[in-house]
Amino acid sequence: MQLDKLGEFGFIERFSEKFNTLLPTASIGIGDDCAVISANELEDYVITTDMLIEGVHFLKDKITSFELGYKSLAVNLSDIAAMGAKPVASFLSLGIPTTTQVENLDAFMEGYHSLSEKHNLPLMGGDTTKSLKHLAINVCVIGRCQKGEARLRSMAKVGDLICVTGNLGDSAGGLQVLLQELEDSECNKTLVKRHHTPTPRIDEGIWLTKYDAVRAMMDISDGISSDLQHILTSSKKGAIIEIDKIPTSETLKKQSKEYNWDIEELSTSGGEDYELLFTIDQDNFAEINKQYQIEFSKKIFVIGEITDGTSSIVWKKHGEVINKKNTGFNHFTTK
Ligand code: ADP
Ligand code: MG
């Protein structure tokens, strides 16, 4: 069988169970944004690793080396944020074609350093090898949180509100600007910036996990239609999503009109926004949202509700159920 029949998650499922049976108690293995391992009596470590391959995750001529260094760390920090943890160390491995300019590698490390500095995060090791053709980047980040407080995809409960920390679809819009080689207007540049330099929601993740009412959490890397599916499968629940409540930026609305983009598709299936997707107990939402606004000067966006369903999403628009296919980014399968 060829891998494209199976897809990324189908492949992982073939072996994850076998390895998860080897886990010590109170550890979390394959299947969440990070693995969780006990650190001491008071704390857990969370660990994540993500790879970026030239031609697959980025196009060398479209992204600056500085941005690439920044983004390589940002996508990993986003998984740490998804657990509600604080990052404590990173590791960077590079496979580099021999013809690469050292100035570009310096700029890459500058970008990586700029985000590391923001989070006071030391780079503590890695590996450097030759690559025959393409640049390959692998980052691993270790984080720390209070014992048993990491938020898992399996923690959603019926009646929880489904929330996101910010606008969705900008990154996918930015990718369209690059692929369609659209003009260098201010609006287009804003979208491309969201695609190349996403903000990992570390502070928000840590803040939200102060509240027991904040339950399942993950980051949005593949688009909510695919990512929410992971929460539903792990929690064995269903969901109603009100597509008209999904927050989108004014810039994306404007450019979608201009270029005839399907904004609903970009905001649900585009991916790479790296906002947090999480569920909150209804009864505590108003108070948490009030405190959140004081802390972050922005609100929590409610886009739906967890139901007693069968791991699937019911999409609604203006209160009516609509037919929508759940797509999202998946390596190996064609969209
Ligand atoms: P994320 O988008 O949050 O980085 P992924 O969708 O890439 O997560 O991966 C889903 C889960 O599968 C994660 O727990 C990840 O660690 C695990 N995983 C992915 N690839 C492998 C692999 N080759 N070996 C072991 N675990 C893997
Ligand atoms: Mg993730």
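When a residue number appears, it is its place in the shown sequence, counting from 1. Order of appearance sets the numbers: ligands from 1, and atoms from 1 within every ligand.
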- prompt: Is the closest side-chain heavy-atom distance between K157 and I306 below 4.5 Å?
  reply: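 No; the side chains remain at least 4.5 Å from each other.
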message: For F19, state whether at least one heavy atom is located under 4.0 Å from any atom of ligand 1.
response: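 Judged by the 4.0 Å heavy-atom criterion, F19 does not count as contacting ligand 1.
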query: For ligand 1, is there an atom lying under 4.0 Å from some heavy atom of M51?
result: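 No.
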Please work out which of [options] has its closest non-hydrogen atom nearest to [atom].
| atom | options | value |
| --- | --- | --- |
| atom 16 (O) of ligand 1 | D219, D32, T48, D50 | D32 |
| atom 19 (C) of ligand 1 | I12, D227, V75, N76 | I12 |
| atom 1 (P) of ligand 1 | D222, I47, I28, D79 | D79 |

task: Return yes if some donor-acceptor pair links the side-chain N/O of H113 with the main-chain N/O of M109 below 3.5 Å, else return no.
output: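 Answer holds: no.
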query: Under the 3.5 angstrom rule, does the side chain of T48 hit a backbone N or O of D33 as a donor-acceptor pair?
result: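 Such a contact is found between T48 side chain and D33 backbone.
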With the Mg ion (ligand 2) as the reference point, give the N/O/S atom of [X] that is nearest.
| X | result |
| --- | --- |
| D79 | OD1 |
| D33 | OD1 |
| D219 | OD1 |

field: For ligand 1, the portion of F9 having any non-hydrogen atom under 4.0 Å away
entry: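 Side chain only.
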- request: Check each heavy atom of E13 against ligand 1 and say whether those closer than 4.0 Å belong to the side chain, the backbone, both or neither.
  value: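 No part of E13 is near ligand 1 at this cut-off.
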May I ask you to check whether [X] and [Y] show a side-chain donor-acceptor distance below 3.5 Å?
| X | Y | value |
| --- | --- | --- |
| K324 | S225 | no |
| D170 | N167 | no |
| T197 | E67 | no |
| N188 | Q255 | yes |

- request: Find the distance between CD (E272) and OG (S78) and round it off to the nearest 0.5 Å.
  value: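 Rounded to the nearest 0.5 Å, the CD-OG separation comes to 10.5 Å.
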field: Protein heavy atom at shortest distance from atom 8 (O) of ligand 1
entry: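 Scanning the protein heavy atoms, the shortest distance from atom 8 (O) of ligand 1 goes to R153 NH2, 4.0 Å.
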task: Write out the residue and atom name of the closest protein heavy atom to atom 11 (C) of ligand 1, then the distance separating them to 0.1 Å.
output: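 The closest one turns out to be G31 N, 3.8 Å.
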- request: Consider every N or O of I30 and every N or O of ligand 1, then say whether any pair is closer than 3.5 Å.
  value: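 Checking ligand 1 against I30, no N or O pair falls under 3.5 Å apart.
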Proximal atoms of ligand 1 relative to S221 (non-hydrogen, under 4.0 Å):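 Once the distances to S221 are compared, the set is 2 (O).
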